[in-house]
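Data block below; observations after.
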Amino acid sequence: MNSRDPNAHRATPHSKRGATPITLGTTPPDKRDTTPPVALGATPPSKRGATPPVQGATSRAARSTPPAGNPRVTPAPPTPTIRDATSPTGRNVTSYHAPLAWIGDAVAEDVLIEVIDGRFASVTPGVARPPANAQRLPGLAMPGLANAHSHAFHRALRGQAEQGHGTFWTWRQQMYEVAAQLNPDSYFALARAVYAEMALAGVTCVGEFHYLHHDADGQRYGEPNAMGLALLAAAQEVGIRITLLDTLYLTSSVEGAPLEGPQRRFGDGDVDGWSARVADLRADVHAKIGAALHSVRAVPAEQIAAFASRVEGTPTHVHLSEQRAENEACRRVHGCSPTALLADRGLLGPWVTAVHATHLDDTDRGELGDSNTAVCFCPTTERDLADGLGPARPLFDAGSPLCLGSDSHAVIDLFEEARTLELHERLRTERRGNFAADELVDAATVRGHAALGWNDAGRIAVGSRADLVCVALDTPRTAGCSPDAIVFAAGAPDIRLVIADGQVIVRDGEHVTIGDVGDALRRAIWPVSTSRAPDAGARATRVIPALDNEVTTEEIEPGSGERRSGERGPRKRRPKSGGSAPGEPTRAVKP
Ligand SMILES: [Zn+2]
């Protein structure tokens, strides 16, 4: 695709929407949901006999220590009454039968699920003899997972930025080097591959915190939203929903220093410039346009108030107190914490999600909870960047709904994020059982969707969007586990089938349209990587256990899955530096 033709990425036609700077698009009926029922293919049914008996739909997941209630959290909309199917004639109906399904806050058995036009039309537990046309769902059927905080391009740093010393700030410099490489073409390719990885992990909706707006010199593209449109198109191609959190980013420090170097492409000058650009974005049926304020480092205090007045009611996210240095600078310049500054400027409320919220005092927690501001934890990134441990349970008890994001994508696995929320809380408090399994599932599903403006998703319930994530219960990770507690055991590789808005996007653990996601990632990352390492993925080497002092390798052509050649020979001693010895074949064999 020609980088000078950014319109090629447009997910929707250009559309002026009048004077309203930001309007959360309404969600029209999903046009993607009109195709005939899709067979599930060769997915073998899960072995019912191997599954321990579970309680009925009304039982709660077991919890080791019942945590305190959270009466101040805005209650989730009630699950619609489960009813028998009454399918309107002439509608496109797909029937599924789930031996086990996560309904409400527990696992139910023998659930007959009917989907009409991409939404659940009926959800009926206890149907031991489903109709012949019902397609059997493998393993445990769960609601679609929501990844509420993503910077797609950070995925290019995985396996390259984790080693060595440094801090969040030195990591950020590496991230900026990748950011400097991207254009609408490469951004689209990378986001497409990353969103496909998310789909394999059961993510049916992503919140993309997007600030890479302009070209490397900070100049607008011919299509000012070329980069954002690339993200919308990438999600559409992968088959997941997206909330584009278009980000206001104006300064490089709390003191108001101007953007420099790679940061220049983040900036729109002021709130008016940002607002005028975003007003031209139009959401297609798979997308919503939300807003973000990067942080108190990136927006002057007076502009925060102007921003807040324009986004009220729109899903709005903000990085908050991820680093102590941000808190210290804010106190030095404004005489208060970042949370207090946002509260003073009107940027807290149920439509706002604070991302990280790591270094808070009691007053901060009270401000966030009293305003029902949601908080998005990103545990695998926070541990990777040595951010610290945020007060998850106290925030929840204070009134903040919690959701989850994979942020820098050091890991893309919402089960890992969910259980780490609890495990980090154990490290912080030296106490187990802070969150029950159903609360962790809530954070990964319905709360994440709500933080992104999709209040009609994240549940297997009548009227909700028909997202289903089927987790195998017979893998080395999940075998023998109680389905009620699967969040503590399962990982992305255990997901066999993913349905988003009624459409199968992952079958038998493979993306149905993208195909080889690993190869798509490799091809997208290599052109923008700043690593000096060779493109190791271009020639995968599998090590076969050696006999005596022999070693055998197979070379696999990426994407082919076929053996290309073999090699046998005496083991060569590797130099201590880890590099190849002189004369050693470039096909290095790992000892
Ligand atoms: Zn972030």
Side-chain angles (χ1 to χ4, degrees), residues 146-158 161-162 167-179 182 187 190-191 194-195 198 203 205-213 227-228 231 242-252 262-263 265-267 290-299 315-327 338-339 342 347 352-360 373-390 392 402-414 417 420-421 424 443 448 451-452:
N147 190 352
H149 190 66
S150 162
H151 306 283
F153 76 94
H154 292 191
R155 172 64 178 81
L157 294 166
R158 185 192 297 174
E162 285 88 350
T167 64
F168 168 87
W169 307 102
T170 55
W171 169 86
R172 190 179 72 159
Q173 196 55 43
Q174 293 176 281
M175 181 265 284
Y176 282 172
E177 291 175 12
V178 173
L182 290 159
Y187 204 31
L190 183 52
V194 174
Y195 294 161
M198 289 185 195
V203 172
C205 186
V206 61
E208 181 68 29
F209 197 110
H210 164 60
Y211 52 84
L212 208 53
H213 301 308
M227 297 293 267
L231 296 167
I242 182 172
T243 297
L244 185 67
L245 300 161
D246 196 294
T247 304
L248 177 66
Y249 199 130
L250 302 175
T251 59
S252 66
Q263 295 177 326
R265 61 188 317 184
F266 308 162
L293 185 139
H294 182 274
S295 61
V296 300
R297 305 192 306 271
V299 180
T316 301
H317 291 215
V318 53
H319 290 128
L320 180 67
S321 293
E322 182 178 6
Q323 294 292 318
R324 294 184 191 280
E326 174 182 299
N327 286 8
T339 301
L342 296 183
L347 196 59
V352 178
T353 297
V355 182
H356 303 303
T358 307
H359 301 287
L360 305 179
T373 300
V375 174
C376 180
F377 278 77
C378 307
T380 65
T381 292
E382 288 152 8
R383 73 190 184 195
D384 180 52
L385 297 180
D387 286 345
L389 297 172
L402 303 185
C403 56
L404 299 161
S406 63
D407 192 0
S408 71
H409 311 310
V411 173
I412 294 180
D413 188 333
L414 268 290
E417 303 292 348
T420 305
L421 187 71
H424 279 185
L452 299 174

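Keep in mind that the numbers below use all heavy atoms, side chains included, and drop hydrogens, waters and symmetry copies. Note that the coordinates shown come from a computational prediction; the quantities given were computed from them, not determined experimentally. Note that ligands are numbered from 1 as they come in the structure, with each ligand's atoms numbered from 1 the same way.
In terms of heavy-atom proximity, Ala410 sits nearest to Arg158 at O-NE, 3.3 Å. Of all non-hydrogen atoms in Val375 and Ala357, the two that sit nearest each other are CG1-CB, 3.8 Å.
His151 lies close to the Zn ion (ligand 1), since one of its N, O or S atoms is found at a distance under 2.8 Å. For a distance bound of 2.8 Å, the N, O or S atoms of His319 include one lying that close to the Zn ion (ligand 1).
Minimum-distance N/O/S atom of His149 relative to the Zn ion (ligand 1): NE2.
Note that OG1 of Thr373 is 8.0 Å distant from CG of Leu347, once rounded to the nearest 0.5 Å.
Of the N and O atoms on the side chains of Ser406 and Glu417, not one donor lies less than 3.5 Å from an acceptor on the other residue.
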